[in-house]
Amino acid sequence: MKTEQAPRAQSGANSFADLNNRLGRTVADAVGRTLRDRGVSRMLIALVVAFAFFAVMRPRIFLGPINMQNIMVAAPEVGVIAIAMMLAMLTGGIDLSLVSIANLSAVTMSTLFTMMAASNPAFGESMTVPIILMGLLVGTACGLLNGLLISIVGITPILATLATMQILNGIAIVWTGGKTLYGAPAALTVFGKTALGPVPMLFIVFLLVAIVIATVVRSTALGRKLELQGANPVAARFSGIPSRSVLIASYTLGGLLAGLAGVLFLCRNPTASADYGASYVLLVIVIAVLGGTNPNGGFATVAGVVLATLTLQVVSSGFTALRLSPYQYSIAQGVILVVVMILDTIDWSRFKRKRGPATESASLQTTQVGSIKKEKEQE
Amino acid sequence: MQLLRKLRGANNEGSLVLVLLAVVIGMSLLNPVFFTVNTAFSILRAATVPMILALAVLLVIISGGIDVSFPVVAIGSAYTAVTICLKTGFDPGLPAIFLMAMVIGGLLGLVNGFVIARFRLPTLIVTLGTQGIFFGAMLVYGCTRYYPSLPDSMAALSAVNVIDIPTDTGRAYLHVLVLLSIAIAVIIWAVLKFTMFGRSLYAIGGDVEGARRAGIRVVRTQLLIYVLVGMVAAIGGVAYVVMSRSANPQDLVGGELDIIAAVVLGGASIFGGRGSVGGTVIGVLLIQVINNSLLLVGVPSAWLRAAVGLLLILGVGIQAITARRSAQRIHSVDDAVVATGPELEKVS
């Protein structure tokens, strides 16, 4: 984008041609780079194929505006959590507590609103922004707790977040008494229903989050540090990367995103409960991995995760359009995951034969070994 | 000192026993009702199914993997076996039903093992996928009905008690399936301790490449692990169906992380290579005892999840900190560098 401004100083038709060339090259570069990422090109193909398949099978239902709206309204909450999961995986960890954090944040906001609105409904409505901030704060605090447990205490990410998942979920269950809470600021519900043209506001929020996180990962120092930490924690330490603060930043950011997902829950439905979206825990791992995130760390693309979210949502609503059961969707989800993973390994082995026994291919061959060893070193 | 170390056990089992004893003694002082045969038997009964499932997971965790598909395998194979019996109206007897469920469980495990061992994929991701496939397949191609009654032989088993003694607060029953879980624990302990297969599990969990170079057939062993896990999980599933006296295909599913938490609490390392049957048994018992105690003290059972989480953080956190301390004491340069990384960084 910088290239657009540079030639403005020059004059004449020459500068226009120059600008045109540079712009063309930048776009081609960006598209080429994005497509070269495994996750992105793969998921783009999957999305197009899935979309085309259902559009041909049931054009009237599937291509209808209501279905399109539904896909775009349902995708954001899962997508935002999946992006948070991607951040944790980027550093070689995993975050099982994200859905619990999102629910806790939704429960907090709902309780706060009900409390404030009980005495004076108008007051409750006027406090919408502080309530949202409170929800985000709860998410951030929970994420920080994860980060501290993982980096300072030194508990493995999967165990630390398994434990916080249980604790936060337990707190939410005790808090709500296992019941569903009703009540959320009307502004949120209205926001959840508004749309900018054909695109719901929720989806725009999702895209904004994706763009922000993509920028953080791709072009900030923090993003580079996250990638290095995930790719090789020992090397990262010796190159002077402060592992602890990087890990804390990663999980805190994840917590913030989970808090935001809690806000999105309330936008879609003015209800909050401790066990909403229990199936999301594993679903977001599926999405992150499908989106090309390396579960061993070091590689991830936000674009891939966004496309994977949309693909699964398209398949889900396509199955509904075909009148198939959610259980059949569960099969499809599992098959997609396993097949994509297997196809990946086949591509890798071809790559290996062409390039000879490079160190990279050797490390890919023993991904499992590498990950185990690496995590041991972290321990 | 030597004795103390031996008592503590390789995976901190000793400390866990102390915690368990402390909880039991504390509870008995707080509420005398707790220290009765009835409570002990009901805890054992409640621990039976989690115990069998936890022992199945232990095998995977020792070998360095994580399996999240086992609850689906467990309930899926038990439910399918019950469905076959009820649909055909033929009751082949208990051993045959157990065998049928184990064959189904073993086949499902074979799918897991094949994908994991053949394509060398991360175990968590693969079992996540197969979990969805198995669950969906069971409900789509099997049947979604809830069976309130079981085949006669199973229904008969659900009322059998080994010990049936009168106490002042009523009769205390010890369910016969508790013996099954003990038997499985003993068998798995023996397999891990005395067989080539058991030792190679630890070797693979410790270092896959090392195990391969030591001549262990990693692919074949991994296949066998997942088949075995499927079979043990199937036994757990049948036990669950018998004890709940009904077959519901949606049961057990979703509890995988709770069971894994119990195994990890029992001292097994999530990276493999470490773990013991004793620790797992104590871990499962501890969770059940705490569950029971919370109810007796009058704390809502909703707190159980939070309590287990807290216990997990304490257990694993203390392990992590002591591991770091003891690693710092090692004088070998390489290890010291790895262990004292953050400190080293400040110096440089």
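Quick note on labels: first sequence line is chain A, next is B, and so on, each numbered from 1. The analysis underlying the following values was restricted to heavy atoms, covering all of them including side chains, and did not include hydrogens, waters or symmetry mates. Not measured: the values here are computed from a predicted model.
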**Message:** For the interface with chain A, which of B:G317, B:G210, B:A261, B:A306 has the highest count of heavy-atom pairs at distances below 4.5 Å?
**Reply:** B:A306
**Prompt:** Under a 4.5 Å heavy-atom cut-off, does chain B meet the side chain of A:V289, its backbone, both or neither?
**Reply:** side chain
**Request:** Please state whether the side chain, the backbone, both or neither of A:I158 comes within less than 4.5 Å of a heavy atom of chain B.
**Result:** side chain
Expected list for residues 108-119 of chain B: side-chain donor-acceptor pairs under 3.5 angstrom, two or more places apart:
unit_1 : atom_1 : unit_2 : atom_2 : d
B:N112 : OD1    : B:T130 : OG1    : 2.7
B:N112 : ND2    : B:S69  : OG     : 3.0

**Request:** Check whether A:I167 gets within reach of chain B through its side chain, its backbone, both or neither, counting any heavy atom under 4.5 Å.
**Result:** both
**Asked** Between A:L324, A:V281, A:L337, A:V339, which shows the greatest number of heavy-atom pairs under 4.5 Å with chain B?
**Response** A:L337
**Item:** Part of B:L124 lying under 4.5 Å from any heavy atom of chain A
**Value:** side chain
**Request:** Taking all heavy atoms of B:G136 and all of A:S330, pick out the closest pair and write down the distance.
**Result:** N-OG, 3.7 Å
**Request:** Mind ranking A:I173, A:L159, A:L283 by heavy-atom pairs under 4.5 Å with chain B and telling me who comes out on top?
**Result:** A:L159
**Request:** Please flag which part of A:Q328 lies under 4.5 Å from any non-hydrogen atom of chain B: side chain, backbone, both or neither.
**Result:** both
**Complete:** One option among A:L96, A:I285, A:V153 has the most heavy-atom pairs under 4.5 Å with chain B, and it is A:V153
**Item:** Minimum heavy-atom distance A:A163-B:G309, with the two atoms named
**Value:** CB-O, 3.4 Å
**Prompt:** Which bit of A:I152 is near chain B, if near means a heavy-atom gap under 4.5 Å: side chain, backbone, both or neither?
**Reply:** backbone
**Message:** What part of B:I66 gets within 4.5 angstrom of chain A, counting heavy atoms only: side chain, backbone, both, or neither?
**Reply:** side chain
**Distance, nearest 0.5 Å, that separates OG1 of A:T164 from CG of B:L310** = 11.5 Å
**Prompt:** Picking from B:I125, B:V68, B:I260, which has the most non-hydrogen pairs under 4.5 angstrom with chain A?
**Reply:** B:I125
**Prompt:** Given a strict heavy-atom distance threshold of 4.5 Å, which part of A:L149 is in contact with chain B: side chain, backbone, both, or neither?
**Reply:** side chain
**Message:** Just verifying a value: how many Å separate A:I171 CD1 and B:W303 CH2, rounded to the nearest 0.5 Å?
**Reply:** 6.0 Å
**chain B contact via A:I94 - which portion, at a heavy-atom distance below 4.5 Å** = side chain
**Message:** Need one label for B:I270: side chain, backbone, both or neither, based on atoms under 4.5 Å from any heavy atom in chain A.
**Reply:** side chain
**Message:** Please rank A:Q166, A:Q333, A:M165 by heavy-atom pairs under 4.5 Å with chain B and give me the top one.
**Reply:** A:Q166
**Message:** Please identify, among B:V126, B:V308, B:D258, B:I318, the residue contributing the most non-hydrogen atom pairs under 4.5 Å to chain A.
**Reply:** B:D258
